[in-house]
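In what follows, residues are counted from 1 in the order of the sequence shown. The model shown is predicted, which means the values in this text are computed figures rather than measured ones.
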Amino acid sequence: MIEARSIFGSVFLSLIALLVLAALMSGLLRVLVLVALVLVIGFSLGLLLGRRRERATASGSDLDTSPSGLNSSPFSAKFLDSALKEMREGLLVIDADMRVVVSNRAARNLFSDLNDVIDSRRLTELTRNPAIYDAFLDAVRGKERTGVKVETYGQERRVFDLRVVPLRSTNGHGSGGAVGVFFDVTRLEWLETIRQEFLSNVSHELRTPLTSIRALAETLENGAIEDHQNNRRFLSIIQKNADRMHRLIDDILELSAIEAGNVKVKPEIIQLYPLVEDVIASLSASAAARKITVNDLVDQKAEVFADPHRLVQMLTNLVDNAIKFNREGGTVTIRHESDRTDRLRVEDSGEGIPAHHLDRLFERFYRVDRARSRELGGTGLGLAIVKHLARAHGGEVIVESRFGDGSQFTIELPQNTTMKAAGPGTLNA
């Protein structure tokens, strides 16, 4: 009895230490600690299952099985039960007959949307996924399996990294079953996909202006510098492409800072009409070049609660896009509406956006017309910046468009409750 308590006490302390380390770590270190956790759990469960068979007793718990070997240490049993139950990773233990003997809540949710009891059921009754079955079967035969990729398709696609280790029988001969842990790596896989797409897009966006700059620089170096009819035009194209690269890098740094939470908005009550007028004035040259009329229909007494610098940035991006992708001689209209939220609308009379593009319009580097966007100097990051800045304010940006009938972008901003109660203008004194 004393020897059993000593063993289970040591296992329990090791389990608690590993859980604490896993909570404090991230990335590869967290995975390594969790692998060690699996081994500790496998060792302890092997002992517990052996004692269970010897005593031929069992008691119910939220884990579906509470091995009687822990009865000698009720305090340890309670905390071990709670630790396994609250694990984010799914834990599944099977015996030599491929029947489930222990499972936690995460594992039950993995195999069923309901909290059905899955004890004593064969693994083939729970899943027909060959990757899961083969991994547990190999473990029962004595072979450890790690890095098994498991995908599930319920309400959403989820990806798991399955690690299964064998459990030895109490006499040291043959298999006592296997223990498997399902690590949810859905977000990690999504982030890796985003990273790869980001690197691919950045490389592609930088390659085009760099190629142009190098080609023209070589042309000038090979004698075109003496060509007085074309040398200034070549230098102008080089300058244009250098400016494009500069804008792209600025937008990448800005978006990265916003997404990392390093950009803090400082909302205040501001007069909206003069701010919109400043935005229109800053874009007057590009509007005039395409004969676009920009109308400011914002009430001169309108007020909003926002960071003025970031609001100018959002409106500038939206109005600039409305001018660039408008019809020649078209119009851009800026409106403001207010009830439970403040809504700033930027409407254009352009050709509109096909419906299948709308869901992805605010993704980084996503363009409806890539060739035209690059020709007009767009970086593909403007709308993504608008989305993140709107959310940083606690609001949202929405697009409505019908192909051939123009587009409407709306920035929704939460109202300041103090301003609403006091009435317009009273907080500006």
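Considering every non-hydrogen atom in both Ala217 and Ile238, the closest pair reads N-CD1, 4.1 Å. When all heavy atoms of Met314 and Ala390 are compared, the closest pair comes out as SD-N, 3.6 Å. Contact record, Leu91 with Asn104: N-OD1, 2.9 Å, taken as the closest heavy-atom pair. Residues Leu162 and Ala135 come closest through the heavy atom pair CD2-CB, 3.9 Å. The two residues Leu216 and Ile237 come nearest to each other via the heavy atoms CD1-CG2, 3.3 Å. The shortest non-hydrogen separation linking Ala392 to Val265 is O-CG2, 3.4 Å.
Looking at Glu189 and Arg157, a side-chain N of the basic residue comes within less than 4.0 Å of a carboxylate O on the acidic one, giving a salt bridge. Taking 4.0 Å as the cut-off between side-chain N and carboxylate O, Lys301 and Glu303 do not count as a salt-bridged pair. No salt bridge links Lys291 with Glu328; every basic N to acidic carboxylate O contact stays at or beyond 4.0 Å. Using a 4.0 Å cut-off between charged nitrogen and carboxylate oxygen, Arg158 and Glu151 do not count as a salt-bridge pair.
Separation of atoms CD1 (Ile398) and CZ (Arg343) is listed at 9.0 Å; rounding is to 0.5 Å. Separating the CD atom in Gln229 from the CZ atom in Phe234 is a distance of 10.5 Å, to the nearest 0.5 Å. In this structure, Ser407 OG and Asp348 CG are separated by 4.5 Å, a value rounded to the nearest 0.5 Å. Here the CZ-CD distance, from Phe305 to Glu268, works out to 8.5 Å after rounding to the nearest 0.5 Å. In this structure, the separation between CG on Leu272 and CD1 on Ile270 is 6.5 Å, given to the nearest 0.5 Å.
The side-chain hydrogen bond (donor to acceptor under 3.5 Å, both in side chains) check on Asp243 picks up Gln239, with sequence neighbours excluded.
For the residue pair Asp299 and His336, no side-chain donor N or O sits within less than 3.5 Å of a side-chain acceptor on the partner. In this model, a donor atom of one side chain and an acceptor atom of the other lie less than 3.5 Å apart for Asn326 and Ser349.
Gln408 is listed as a side-chain neighbour of Thr410, based on a closest heavy-atom distance under 4.5 Å. Contact check for Val397 versus Glu412: no side-chain heavy atoms found under the 4.5 Å cut-off.
Among pairs with a residue in residues 304-320, those fulfilling side-chain hydrogen bond (donor to acceptor under 3.5 Å, both in side chains) read Glu254-Arg310, Glu254-Gln313, Arg310-Gln313, Asp320-Lys324, at least two apart in sequence or across chains.
Under the 3.5 Å distance criterion, the side-chain polar atoms of Ser284 are matched with a main-chain donor or acceptor of Ala281.
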Side-chain polar contacts of residues 123-130 - donor-acceptor pairs under 3.5 angstrom, sequence neighbours left out - could you list them?
from   : atom 1 : to     : atom 2 : distance (Å)
Glu125 : OE2    : Arg122 : N      : 3.3
Thr127 : OG1    : Asn129 : N      : 2.9
Asn129 : OD1    : Ala131 : N      : 2.9

